[in-house]
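The structure appears below as structure tokens.
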Amino acid sequence: MPKELGKAYQPSETEQPIYAMWEKSGAFKPCPNGKRGKAGKAPPFTIVIPPPNVTGQLHLGHALDNTLQDVLIRYKRMDGYETLWLPGTDHAGIATQIKVEEELREAEGKTRFDLGRDEFIKRVWDWKETYGSRIVEQLKKLGASCDWDRLRFTMDEGLSRAVREVFVTLYEKGLIYRGSRITNICVTCHTALSDTEVEHEEQEGKLYHIRYGDLTVATTRPETMLGDTAVAVHPEDERYAHLIGKTVILPLMEREIPIVADEYVDRAFGTGCVKITPCHDPNDYDVAKRHNLPELLIMDQKGFITENGGKYAGLTREDARKAVVADLEAGGYLVKTEPHIHNVGACSRCHCAVEPMASEQWFVTMKELAAPAVAAVKEGRTVFVPERFEKLYLHWIENVRDWCVSRQIWWGHRIPVWTCGACGHVMALRDDPASCAHCRSTALTQDPDVLDTWFSSALWPFSTLGWPGDTEDLRRFYPTDVLVTGYDIIYLWVARMIFSGIEHTGREPFHTVYMHGLLRDAQGRKMSKSLGNGVDPLEMVEQYGADALRLYLSSLATLQGGDMRIVPERCEHFRNFCNKLWNASRFVLGSIGDTASWTLPDSLTLPDMWICTKLQALVYDVTGHLDRYELNLAAQKLLDFIWDDFCDWYIELAKVQLRNPEAADTTKQILAYALETALRLLHPFAPHITEEIWQSFPEGLREGAALVTARWPEPEDRLRFTHEAGQTELLMDAVRAVRSRRNEMKVPPSKKAAWTVETPYAELFESHAEIFRALAGASGVTVIPVGAGSDGLCEDAQTVAVVASAATVYLPLAELIDLEAEKARLDKARAAAQKEYDALEAKLSNPGFTQKAPEKIVTAERERLAALREKLERL
RNA sequence: GGGAGCAUAGCUCAGUUGGGAGAGCACGUGCUUUACACGCAUGGGGUCGGGGGUUCGAGUCCCUCUGCUCCCACCA
């Protein structure tokens with residue numbers, strides 16, 4: 001039995017029951033014989049979700065990202081694919097650890113060191129158990145049609161096995177090594193970071209000129225001088241040639257350091273002398289290696305000066321800088337300071353300045369891994385949408401440096417490397433060892449570090465499907481199809497998935513990367529916690545409904561992948577649309593009465609043909625736009641059709657036809673057919689409301705149990721009545737013209753008069769007089785075939801002409817019209833038409849146009865000229 | 001220092017092979033027309049950032065200038 005539909009659409013009453021129904025019915029699970037009516041097994045279509053932070057909360061970026069994925073998945077599901085949208089969450093190493101540490105400090109006043117490693121990790125797991133399902137529930141509120149039974153987590157047993165397999169494989173191939181390098185250390189998070197996790201920011205700093213004996217060096221980080229082991233000059237710099245090989249005394253530290261020559265030095269910058277701090281600057285590190293200089297680490301990972309810093313030991317880097325500068329000044333070593341703009345690296349997690357520092361870390365050798373990942377994109381096996389992001393990707397991967405994957409935190413995948421305390425043997429192992437493989441000693445210690453979060457994320461498309469096992473899911477759904485994400489993580493994630501997929505599975509993990517822009521606030525600023533300008537998508541769902549939010553976000557997702565400004569109030573428009581659809585559906589369902597099934601009638605009225613024609617075009621357009629990832633255009637066309645064509649015109653036309661016993665039955669059929677088809681097309685964008693309405697259809701008017709798994713519409717060629725349907729547009733033009741003139745002349749709706757229509761389509765207007773009367777607000781219509789009585793009528797002071805595309809409609813003037821104003825208006829119209837006519841005539845007498853322009857265009861313009869001439873004659 | 005993107009109606013933005021300048025919001029006017037005032041109808045409003053070029057014709061292609069945004073990069 002059809003349910004009763006309330007007067008206004010209430011998303012809060014619809015969304016949850018509908019979602020529960022979908023979940024219960026198993027609609028989100030892959031359906032092996034999806035493509036109904038087609039032979040054989042359905043082709044698979046797979047998307048893996050970009051896993052949100054397990055302890056995170058849904059923000060608008062997630063809402064956008066997942067709406068786009070859900071639209072694609074729902075479309076493909078209806079189109080008969082065996083779809084899998086695989087959900088999951090990320091353990092998000094540093095971010096989660098920071099969050100739990102904060103909690104620990106606030107609640108118990110303890111640090112993770114107070115608890116110890118095992119106890120702390122247990123706390124993080126507790127935290128994950130408490131909050132891990134939060135974001136999943138939030139995604140459900142959006143209507144995300146993920147197969148929740150396959151929910152994965154990057155620290156699950158299976159995924160952890162994949163991480164180990166990859167690490168050990170790479171280790172065995174010699175693609176992972178441990179070494180001392182200058183890496184970026186965040187002293188707040190006290191861990192190493194990869195290059196991609198450092199954000200560069202231009203800052204105004206100071207350039208300190210410091211006298212080292214006979215030389216003056218310039219630096220932006222004066223405290224690093226504590227670790228200087230040399231001064232470098234350019235080998236061909238005549239100013240300093242005589243000093244090369246000599247030494248200077250390092251101020252404050254009173255250390256004798258050599259002057260070396262190295263081509264790295266830019267003679268034109270500063271004084272042409274560079275202080276060399278091997279352990280705290282990547283360039284200096286290289287110089288030191290070339291000249292066999294001693295390495296002196298003067299800061300630890302927490303940002304404190306070490307004992308190597310002499311009397312400054314124990315100070316923070318900030319205090320050390322102040323103290324060093326003060327002492328230099330007091331000692332007369334500080335020549336000058338000047339303002340200097342330079343780039344400072346900041347930790348992408350805590351935004352503190354990172355400290356380049358020598359330390360032992362694990363690295364992945366990138367050169368060999370990158371090459372096939374470059375080829376995959378260059379050879380088109382993986383394409384980016386929009387295409388321009390390929391350039392960004394290629395530039396990065398072609399120049400990528402080795403990847404620092406070790407982190408000095410506790411939450412994450414522990415590096416599977418053990419060192420034997422007895423013989424010093426180092427082993428990378430898939431399974432925890434009981435004893436040393438070399439000497440059988442049991443005195444083994446595991447490397448204390450964990451892996452970069454992105455190390456496990458890089459494996460996501462195949463680790464979630466069961467790799468390294470040879471599972472049915474992996475065989476069926478890998479490689480996946482489309483990856484949907486923002487362009488901000490091309491390097492962090494997308495590129496790493498591509499080279500990891502190729503390396504470990506031999507296949508590109510997806511064929512298409514659909515990138516969208518980032519969301520900004522109404523002023524165009526990035527949304528961030530610190531600015532407090534974030535918009536809570538759940539509040540928007542609450543206020544406007546999930547479908548309205550989805551439609552809004554879809555309409556923003558342009559093909560260019562540019563950034564998008566979010567103005568929450570704009571959702572109102574889409575809520576209004578949902579309400580419109582709701583009420584139109586109420587009308588249709590109420591009108592069709594006991595219509596039990598629909599069969600395409602043999603003959604249709606012109607308005608019926610018209611809406612069917614529009615509908616076929618819509619099916620074609622929406623399908624094409626979705627296939628080309630033009631979600632905004634698809635959504636736009638759907639709204640235009642439903643609101644303008646269907647509601648504002650067809651329903652009004654249908655109301656007239658429903659009063660006519662001869663047309664009523666077919667009109668009911670077409671009302672039901674058009675609405676049902678539109679619901680199917682709209683479903684990927686607005687799943688809840690479309691399903692709710694669809695469930696209210698009489699069973700004979702729908703196919704299957706639920707819209708979510710209903711068939712995607714295909715254009716029906718027999719319903720393309722383009723030519724005849726066009727006549728409906730003539731009627732509509734005439735109606736619009738009359739309404740416009742009535743409005744302009746302020747004729748109240750209550751004043752109805754008999755109209756005269758002069759047209760070459762006399763038959764059309766005669767047979768549709770009822771429709772014309774109803775829509776134009778007339779009491780009667782007289783139709784005059786063109787030419788038959790045009791004289792006199794036009795000059796009749798009691799009537800006024802309204803020119804529509806193929807008809808001239810005369811409005812009786814007796815109705816309170818200011819004749820003077822009317823005359824002026826006619827003069828104005830005549831002048832405008834004359835001007836247009838002259839311009840067009842000039843264009844058509846230009847041989848450049850008539851000879852070179854396509855014939856179609858020339859013909860069209862000639863017809864326009866003829867029409868204008870006719871119009872002028874009338875005026 | 002390289003690279004990319006954006007500049008279209010008061011606001012936010014569409015505009016897919018060059019030929020009609022568009023939408024939503026805001027604004028004006030008129031409507032309680034029994035699906036909907038979260039509505040209906042009808043209007044006003046733009047030198048498509050400036051300049052140059054290709055073309056019969058350019059918001060759309062090329063060059064240049066200006067303004068804004070972002071990314072990459074080891075010059076102290």
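Per chain, numbering begins at 1; letters A, B, ... match sequence-line order.
- For B/rC6 and B/rC40, the C1' atoms lie 38 Å apart once the distance is rounded to whole Å.
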remark   = Expected string for nucleotides 68-76 of chain B under the B/S/- scheme (protein heavy atoms, under 4.0 Å, primed atoms plus P, OP1, OP2 as sugar-phosphate) is ---SSBBBB
note = RNA chain B in dot-bracket form (Watson-Crick or G-U pairs under 3.5 Å, [ ] crossing, | inter-strand) is (((((((..((((........)))).(((((.......))))).....(((((.......))))))))))))....
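- We find that A/D563 and A/R520 are joined by a salt bridge, their nearest charged nitrogen and carboxylate oxygen being less than 4.0 Å apart.
- A side-chain donor-acceptor contact under 3.5 Å links A/R496 and A/T196.
- A/E630 places its CD atom 5 Å from the C1' atom of B/rU16, with the value rounded to the nearest Å.
- Using cut-offs of 30° and 60° for the angle between ring planes, the A/F384 and A/Y393 rings count as tilted.
- The separation of B/rC27 from B/rC11, taken at their C1' atoms, amounts to 12 Å, rounded to a whole angstrom.
- Closest approach to the A/R388 side chain among B/rU16, B/rC11, B/rG5 is made by B/rG5 (side chain taken as heavy atoms from C-beta onward).
- As a whole-Å value, the separation of A/Y393 OH from B/rA4 C1' is 18 Å.
- Residues satisfying the salt bridge (Lys or Arg N to Asp or Glu O under 4.0 Å) test with A/R575, not counting sequence neighbours, are none.
- Going from atom NZ of A/K752 over to atom C1' of B/rC31 covers 12 Å, rounded to whole Å.
- Straight-line distance from the CG atom of A/L551 to the P atom of B/rG24: 15 Å, rounded to whole Å.
- Contact record, A/I689 with A/C578: CD1-O, 3.2 Å, taken as the closest heavy-atom pair.
- A distance of about 50 Å separates the P atoms of B/rG57 and B/rC31, rounded to the whole Å.
- A/E572 meets the salt bridge (Lys or Arg N to Asp or Glu O under 4.0 Å) test with no other residue; sequence neighbours excluded.
- Taking atom C1' on both B/rC65 and B/rC74, the two are 34 Å apart, rounded to the nearest angstrom.
- Rounded to an integer number of Å, the gap from A/K637 NZ to B/rG22 P is 16 Å.
- Taking atom P in both B/rG39 and B/rA7, one finds a spacing of 30 Å when rounded to whole Å.
- Atoms CE (A/M564) and C1' (B/rG24) sit 17 Å apart, rounded to a whole Å.
- In this structure, A/E355 pairs ionically with A/R317, as a charged nitrogen and a carboxylate oxygen lie closer than 4.0 Å.
- Ring geometry for A/Y629 versus A/Y514: interplanar angle of 30 to 60°, hence tilted.
- Between the P atoms of B/rG45 and B/rG28, the separation comes to 16 Å (whole Å).
- A/I490 has its CD1 atom 18 Å from the P atom of B/rG3, to the nearest Å.
- Comparing A/H625 and A/V567 by the nucleotide of RNA chain B whose heavy atom lies nearest to each, the residue mapping closer to the 5' end is A/V567.
- Spacing between atom CZ of A/R742 and atom C1' of B/rU33 amounts to 12 Å, rounded to whole angstrom units.
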Please enumerate all protein N or O atoms sitting under 3.5 Å from an N or O of nucleotides 35-46 of chain B, with distances to 0.1 Å.
unit_1: B/rA35; atom_1: OP1; unit_2: A/K655; atom_2: NZ; d: 3.3
unit_1: B/rA35; atom_1: O2'; unit_2: A/N583; atom_2: OD1; d: 2.8
unit_1: B/rA35; atom_1: O2'; unit_2: A/R586; atom_2: NH1; d: 2.9
unit_1: B/rA35; atom_1: N7; unit_2: A/K655; atom_2: NZ; d: 3.4
unit_1: B/rA35; atom_1: N6; unit_2: A/C647; atom_2: O; d: 3.2
unit_1: B/rA35; atom_1: N6; unit_2: A/E652; atom_2: OE2; d: 3.3
unit_1: B/rA35; atom_1: N3; unit_2: A/N583; atom_2: O; d: 3.3
unit_1: B/rA35; atom_1: N3; unit_2: A/A584; atom_2: N; d: 3.2
unit_1: B/rC36; atom_1: O4'; unit_2: A/N583; atom_2: OD1; d: 3.2
unit_1: B/rC36; atom_1: O4'; unit_2: A/N583; atom_2: ND2; d: 3.4
unit_1: B/rC36; atom_1: O2'; unit_2: A/N579; atom_2: ND2; d: 3.3
unit_1: B/rC36; atom_1: O2; unit_2: A/K580; atom_2: NZ; d: 2.8
unit_1: B/rC36; atom_1: N3; unit_2: A/K580; atom_2: NZ; d: 2.7
unit_1: B/rC38; atom_1: O4'; unit_2: A/R575; atom_2: NH2; d: 3.3
unit_1: B/rC38; atom_1: O4'; unit_2: A/N576; atom_2: OD1; d: 2.9
unit_1: B/rC38; atom_1: O2'; unit_2: A/N579; atom_2: ND2; d: 3.2
unit_1: B/rC38; atom_1: O2; unit_2: A/R575; atom_2: NE; d: 3.4
unit_1: B/rG39; atom_1: OP1; unit_2: A/N576; atom_2: ND2; d: 3.0
unit_1: B/rG39; atom_1: O3'; unit_2: A/K580; atom_2: NZ; d: 2.8
unit_1: B/rC40; atom_1: OP1; unit_2: A/K580; atom_2: NZ; d: 2.7
unit_1: B/rC40; atom_1: OP1; unit_2: A/W643; atom_2: NE1; d: 2.7
unit_1: B/rC40; atom_1: OP1; unit_2: A/D648; atom_2: OD1; d: 3.2
unit_1: B/rA41; atom_1: O3'; unit_2: A/R739; atom_2: NH1; d: 3.4
unit_1: B/rU42; atom_1: O3'; unit_2: A/S740; atom_2: OG; d: 3.4
unit_1: B/rU42; atom_1: O2'; unit_2: A/N743; atom_2: OD1; d: 3.2
unit_1: B/rG43; atom_1: OP1; unit_2: A/S740; atom_2: OG; d: 2.7

Contact list (N/O, under 3.5 angstrom) for nucleotides 17-20 of chain B vs protein:
none

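- The aromatic rings of A/W396 and A/Y491 sit parallel, their planes meeting at an angle under 30°, below the 60° perpendicular limit.
- Relative orientation of the A/F269 and A/H340 rings is perpendicular, given thresholds of 30° and 60° on the angle between their planes.
- Side-chain N or O atoms of A/Y552 include one that pairs as donor or acceptor with a backbone N or O of A/V567 at under 3.5 Å.
- A salt bridge links A/E295 with A/K289: the distance from a Lys NZ or Arg NE/NH1/NH2 to an Asp or Glu carboxylate oxygen falls below 4.0 Å.
- For A/T219 (side chain) and A/R221 (main-chain N/O), a donor-acceptor pair under 3.5 Å exists by modelled atom type.
- Relative to the ring axis of A/Y650, A/K655 does not place its NZ or CZ within 45° and under 6.0 Å from the centre.
- Listed for the A/H280 side chain is no donor-acceptor partner under 3.5 Å among the backbone atoms of A/A358.
- Comparing the same atom, C1', in B/rC61 and in B/rC70 gives a spacing of 26 Å after rounding to whole Å.
- Only the P atoms considered, B/rU8 is 15 Å distant from B/rC68, to the nearest whole Å.
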